[in-house]
Amino acid sequence: MDSILVKGNGALSGTIPIAGAKNACLTLMPATLLSEEPLTLTNAPRLSDIATMTQLLQSLGAEVASLQDGLVLAMSSHNIANHTADYDIVRKMRASILVLGPMLARDGHAVVSLPGGCAIGARPVDLHLQAFEAMGAELDLRDGYVHAKAPGGRLRGAVVNFPFVSVGATENALMAATLAKGTTVLKNAAREPEIVDLARCLRKMGAQIEGEGTSTITIQGVDRLNGATHPVVTDRIELGTYMLVPAICGGEVECLGGTLELVGAFAEKLDAAGVSVTQTERGLKVSRKNGRVHAVDVVTEPFPGFPTDLQAQMMALLCTAEGTSVLEERIFENRFMHAPELTRMGAKIEVHGGTAKVTGVARLKGARVMATDLRASVSLILAALAAEGETVVSRVYHLDRGYERLEEKLRACGAQIERISQ
Ligand code: EPZ
């Protein structure tokens with residue numbers, strides 16, 4: 001397994017290109033199952049999760065070609081030869097559940113392995129299933145699989161009231177509703193930019209959708225969808241992650257492709273901590289206002305609130321801030337696994353359930369640490385960039401799921417970082 005070696009190297013400055021969003025691409029790709037016509041995605045990120053979704057779609061009989069060094073995904077599913085999403089692939093990546101809605105909508109039946117939990121929580125899919133049942137699907141859970149059928153071969157439009165916001169359930173129901181008979185209204189829908197991007201792509205395919213980006217999305221079902229070409233929206237989580245580099249190390253970084261619209265609440269929190277964020281023509285320019293950042297409190301919420309996927313990274317910054325910060329993780333039940341690893345680097349963190357109290361220290365110290373999940377791993381990298389001495393982060397396969405060419409992007413800003421095979 002690879003590890004990454006980082007030597008704290010003072011202030012970092014330069015430009016970092018931000019890739020297409022992993023979490024948009026992982027819902028845009030299954031949309032190819034909704035149509036017999038080709039769907040081509042551009043600005044796709046080069047990540048292991050995208051390779052996993054490619055493998056899954058191919059196992060269902062879709063054609064997926066990765067072109068231009070992975071930036072373009074040319075997909076088509078003239079027919080779905082196999083309607084079973086196998087556990088061996090699904091267990092590697094929870095987003096696999098997003099093939100269920102499209103298959104059910106297109107052909108009236110599907111069998112998809114339940115994804116199981118992951119490091120950050122149990123992560124059930126009950127809201128996804130609730131939505132499909134509301135749309136007339138008959139679901140049978142057995143042997144760890146969801147066996148889904150639409151009576152008469154077609155879902156019907158329905159009003160779906162989500163008891164709480166779920167990004168994946170909103171995406172799954174949105175895709176299914178495009179081919180249902182009649183009108184579907186999704187209430188308490190997720191408002192993330194990835195949902196807006198999916199709706200825009202589906203509309204290009206001929207779907208009739210209104211209200212994406214708000215809590216109520218209305219879809220008029222159509223009989224068939226066409227093909228389309230669509231650029232994947234910029235990755236707001238990669239963007240936020242790299243905005244923290246000059247915040248934690250000093251220096252000035254311009255994140256190409258970044259917009260304030262994608263990271264509103266996060267940028268406001270950085271501003272409150274003493275980090276300036278400026279929109280330029282090319283992206284977002286970030287630097288400290290003056291000297292050390294200071295403590296701020298953080299509560300994670302669905303968009304447009306502070307993103308849970310930036311909580312671990314923000315904690316790394318606050319470990320070096322002046323004062324005490326309180327971070328409350330309201331989305332996942334076990335998303336502080338980076339805390340004990342940061343503590344090995346000298347951080348002062350007290351975790352009580354879903355709340356972490358962080359007392360800033362002047363400088364973290366390099367240490368051997370272990371990545372536990374995607375966002376925890378990059379939080380350790382950020383801490384290591386600012387720490388005194390050397391840090392070795394092990395199990396970096398987590399990192400490769402969500403950050404393309406991370407070492408290359410950071411070295412371009414002066415970081416001393418390299419991958420070591422162990
Ligand atoms: C998406 O996961 C993202 N993944 C996650 O990013 C992100 O953290 C999350 O949304 C929240 O923004 C992708 O888009 C591939 P949810 P998702 O359904 O859809 C519970 C990353 O690091 N829940 O909004 O799975 C769930 O357990 C990843 O890139 C149910 O109880 O998130 C969680 O506590 C991590 N039942 C909360 O709701 C359900 O049916 C929010 O989950 C669905 C969800």
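What you see below is based on every heavy atom in this structure, not just the backbone, and it leaves out hydrogens, waters and symmetry mates. All of these numbers come straight from a predicted model, not from anything done at the bench.
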Colleague: Where do Pro246 and Val286 come nearest, in terms of heavy atoms and distance?
Modeller: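 Looking at all heavy atoms of both residues, the shortest contact is CG-O, 3.5 Å.
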
Colleague: Determine whether more than 12 heavy atoms belonging to other residues, nucleotides or ligands lie under 6.0 Å from atom CZ of Arg46.
Modeller: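 Correct, the count exceeds 12.
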
Colleague: Are more than 12 heavy atoms, taken from residues, nucleotides or ligands other than Glu210, located less than 6.0 Å from that residue's CD atom?
Modeller: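 Open: at most 12 neighbouring heavy atoms sit under 6.0 Å from CD of Glu210.
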
Colleague: Does one side chain, of Asn188 or Ser215, offer a donor that lies under 3.5 Å from an acceptor on the other?
Modeller: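 The answer is no; no qualifying pair exists.
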
Colleague: Whether the side chain of Glu192 engages the backbone of Phe303 through a donor-acceptor N/O pair (distance < 3.5 Å, no angle test) should be reported.
Modeller: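 It does hold such a pair.
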
Colleague: So, using side chain to side chain donor-acceptor pair (under 3.5 Å) as the criterion, who are the partners of Glu212 when residues are at least two apart?
Modeller: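 In terms of side chain to side chain donor-acceptor pair (under 3.5 Å), with neighbours along the sequence ignored, Glu212 is linked to Arg203.
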
Colleague: Measure the CE-CG distance between Met103 and Leu33 for me, rounded to the nearest 0.5 Å.
Modeller: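 Answer for the CE-CG pair, Met103 versus Leu33, is 6.5 Å.
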
Colleague: Atom CG in Leu179, atom CG in Leu155: separation rounded to 0.5 Å?
Modeller: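 One finds 8.5 Å between CG of Leu179 and CG of Leu155.
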
Colleague: Side chains of Leu410 and Val6: closer than 4.5 Å at any heavy-atom pair?
Modeller: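 No - every pair of side-chain heavy atoms lies 4.5 Å or more apart.
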
Colleague: Would you say the side-chain atoms of Asp86 pair up with the backbone N or O of Asp88, donor to acceptor, closer than 3.5 Å?
Modeller: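 Yes: the side chain of Asp86 pairs with the backbone of Asp88.
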
Colleague: Nearest heavy-atom pair of Ala386 and Arg363: which atoms, and what distance?
Modeller: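 For Ala386 versus Arg363, the nearest heavy atoms are O-NE, 2.9 Å.
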
Colleague: Compare every heavy atom of Ser287 with every heavy atom of Gly251, then report the nearest pair and how far apart it is.
Modeller: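 The pair with the smallest heavy-atom distance is O-CB, 3.5 Å.
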
Colleague: Is Phe162 atom CZ crowded by more than 12 heavy atoms from other residues, nucleotides or ligands, each under 6.0 Å away?
Modeller: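 More than 12 heavy atoms, drawn from other residues, nucleotides or ligands, come within 6.0 Å of this atom.
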
Colleague: Would you mind telling me which of Arg344, Met337, Met345 makes a side chain to side chain contact (heavy atoms under 4.5 Å, CB included) with Glu341?
Modeller: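 Of the listed residues Arg344, Met337, Met345, the side chain to side chain contact (heavy atoms under 4.5 Å, CB included) partner of Glu341 is Arg344.
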
Colleague: Between Val293 and Leu270, is the side-chain contact (heavy atoms from CB on, under 4.5 Å) condition met? List the steps.
Modeller: CA-CA 9 Å; Val293 301; Leu270 281 188; over 6 Å; no

Colleague: Kindly compute the distance separating CG (Leu28) from CG (Leu39), expressed to the nearest 0.5 Å.
Modeller: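 The CG atom of Leu28 sits 7.5 Å away from the CG atom of Leu39.
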
Colleague: Taking Gly360's backbone N and O only, do any of them form a donor-acceptor pair with Thr324's side chain (distance below 3.5 Å, no angle check)?
Modeller: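 Not a single qualifying donor-acceptor pair exists.
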
Colleague: I'd like to know whether Leu127 forms a side-chain contact (heavy atoms from CB on, under 4.5 Å) with Phe164, so could you lay out the CA-CA distance, the side-chain angles of the two residues, the decisive distance to 0.1 Å, and finally the verdict.
Modeller: CA-CA 9 Å; Leu127 270 64; Phe164 51 85; 3.6 Å; yes

Colleague: Counting distance only, does the side-chain N/O of Thr170 pair as donor-acceptor with the main-chain N or O of Ala190 below 3.5 Å?
Modeller: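 Checked: pair present.
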
Colleague: Do NZ/NE/NH1/NH2 and the carboxylate oxygens of Glu194 and Arg236 come within less than 4.0 Å?
Modeller: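 Result for this pair is yes, salt bridge flagged.
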
Colleague: Is Arg375 close to His338 at the side-chain level, that is, under 4.5 Å between some pair of heavy atoms?
Modeller: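 No; the side chains remain at least 4.5 Å from each other.
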
Colleague: Arg292 side chain to Thr320 main-chain N or O, any donor-acceptor pair under 3.5 Å?
Modeller: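 Checked: pair present.
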
Colleague: If we only count heavy atoms from C-beta on, is the Thr84 to Tyr145 side-chain gap below 4.5 Å?
Modeller: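 Sidechains of Tyr145 and Thr84: in contact.
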
Colleague: So, do Ser77 and Arg106 sit near enough that their side-chain heavy atoms are less than 4.5 Å apart?
Modeller: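 They are in contact (side-chain heavy atoms under 4.5 Å apart), so the answer is yes.
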
Colleague: Going by side chain to side chain donor-acceptor pair (under 3.5 Å), name the pairs with one or both residues in residues 10-32, residues two or more places apart or in two chains.
Modeller: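 Not a single pair qualifies under side chain to side chain donor-acceptor pair (under 3.5 Å).
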
Colleague: Does Lys7 NZ have over 12 foreign heavy atoms under 6.0 Å away?
Modeller: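 No, not enclosed.
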
Colleague: Determine which pairs satisfy side chain to side chain donor-acceptor pair (under 3.5 Å) with at least one residue from residues 243-270, sequence neighbours left out, and list them in order.
Modeller: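 Listed by first then second residue: Glu254-Thr280, Glu254-Arg282.
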
Colleague: Between the side chain of Tyr242 and the main-chain N/O of Pro17, is any donor-acceptor distance below 3.5 Å?
Modeller: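 Looks like no, no N/O pair under 3.5 Å.
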
Colleague: Around atom NZ of Lys289, are there more than 12 heavy atoms from other residues, nucleotides or ligands closer than 6.0 Å?
Modeller: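 Atom NZ in Lys289 is packed in, count exceeds 12.
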
Colleague: For Val232, does its backbone N or O pair with a side-chain atom of Asn43 as donor and acceptor, under 3.5 Å?
Modeller: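 Indeed, once roles are kept as given, a pair shorter than 3.5 Å links the two residues.
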
Colleague: Are the side chain of Asn9 and the backbone N or O of Gly414 linked by a donor-acceptor pair below 3.5 Å?
Modeller: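 Between the backbone of Gly414 and the side chain of Asn9 there is a qualifying donor-acceptor contact (under 3.5 Å).
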
Colleague: Is any side-chain heavy atom of Leu100 less than 4.5 Å from a side-chain heavy atom of Leu129?
Modeller: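 Heavy-atom side-chain distance check passes, below 4.5 Å.
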
Colleague: Closest heavy-atom contact between Leu364 and Ala383?
Modeller: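 For Leu364 versus Ala383, the nearest heavy atoms are CD1-CB, 3.8 Å.
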
Colleague: Decide yes or no on salt bridge (Lys or Arg N to Asp or Glu O under 4.0 Å) for Glu404 and Lys409, but give the supporting numbers first.
Modeller: CA-CA 9 Å; Glu404 65 165 44; Lys409 293 187 179 185; 3.7 Å; yes

Colleague: Tell me whether Gln130 contacts the main-chain N or O of Asn161 through its side chain, where contact means a donor paired with an acceptor under 3.5 Å.
Modeller: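 Confirmed, Gln130 side chain pairs with Asn161 backbone.
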
Colleague: Would you check, one step at a time, whether the test salt bridge (Lys or Arg N to Asp or Glu O under 4.0 Å) holds for Asp69 with Arg405?
Modeller: CA-CA 13 Å; Asp69 189 23; Arg405 306 178 183 190; 2.7 Å; yes

Colleague: Once side chain to side chain donor-acceptor pair (under 3.5 Å) is applied, do any residues pair with Thr308, and if so which ones, sequence neighbours excluded?
Modeller: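 For Thr308, the residues satisfying side chain to side chain donor-acceptor pair (under 3.5 Å) (neighbours in sequence not counted) are Glu329, Arg335.
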
Colleague: Drop me the distance from Leu186's CG to Ser166's OG, to the nearest 0.5 angstrom.
Modeller: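 The OG atom of Ser166 is 11.0 Å from CG of Leu186, to the nearest 0.5 Å.
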
Colleague: Begin from the C-alpha positions of Ile417 and Ile4 and carry the test side-chain contact (heavy atoms from CB on, under 4.5 Å) through to its verdict.
Modeller: CA-CA 7 Å; Ile417 180 169; Ile4 284 186; 3.6 Å; yes

Colleague: Looking at every non-hydrogen atom in both residues, tell me the closest pair between Asp235 and Gly20 and how far apart they are.
Modeller: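 Smallest interatomic distance, heavy atoms only, reads CB-O, 3.6 Å.
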
Colleague: Can I get a per-line list of side-chain donor-acceptor pairs under 3.5 Å for residues 388-396, giving both atom names and the distance, sequence neighbours left out?
Modeller:
from	atom 1	to	atom 2	distance (Å)
Thr391	OG1	Ala367	N	3.4
Ser394	OG	Val369	O	3.3

Colleague: Any side-chain heavy atom of Met93 within less than 4.5 Å of one from Leu26?
Modeller: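 Yes - at least one pair of side-chain heavy atoms lies under 4.5 Å apart.
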
Colleague: Run through Arg200, Met205, Lys204 and flag the one making a side chain to side chain contact (heavy atoms under 4.5 Å, CB included) with Leu202.
Modeller: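 Only one of Arg200, Met205, Lys204 forms a side chain to side chain contact (heavy atoms under 4.5 Å, CB included) with Leu202, namely Met205.
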
Colleague: Could you tell me how the ring of His83 sits relative to the ring of His109: parallel (under 30°), tilted (30 to 60°) or perpendicular (over 60°)?
Modeller: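 His83 vs His109 ring planes: tilted.
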
Colleague: For a side-chain contact (heavy atoms from CB on, under 4.5 Å) check, start with the C-alpha distance between Met314 and Ser325, then their side-chain angles and the critical distance, and finish with the verdict.
Modeller: CA-CA 10 Å; Met314 189 71 180; Ser325 308; over 6 Å; no

Colleague: Should the heavy atoms of other residues, nucleotides or ligands under 6.0 Å from CZ of Arg419 be counted, would the total exceed 12?
Modeller: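 Yes, because the 6.0 Å sphere around CZ of Arg419 holds more than 12 heavy atoms from other groups.
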
Colleague: Rounded to the nearest 0.5 Å, how far apart are CG of Asp297 and CG of Leu318?
Modeller: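 Interatomic distance, Asp297 CG to Leu318 CG, rounded to 0.5 Å: 9.0 Å.
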
Colleague: Looking at every heavy atom in both Ala316 and Leu382, which two are closest together, and how far apart are they?
Modeller: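 In terms of heavy atoms, the two residues are closest at CB-CB, 4.3 Å.
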
Colleague: Please check if the side chain of Arg288 supplies one atom and the backbone of Ile248 the other of a donor-acceptor pair under 3.5 Å.
Modeller: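 Indeed, once roles are kept as given, a pair shorter than 3.5 Å links the two residues.
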
Colleague: Test of understanding: with side chain to side chain donor-acceptor pair (under 3.5 Å), list the residues that count as partners of Asn172, not counting sequence neighbours.
Modeller: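 Residues passing side chain to side chain donor-acceptor pair (under 3.5 Å) with Asn172: His128.
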
Colleague: From Leu310 CG over to Ile237 CD1, what is the distance, rounded to the nearest 0.5 angstrom?
Modeller: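 Between atom CG of Leu310 and atom CD1 of Ile237 there are 4.0 Å.
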
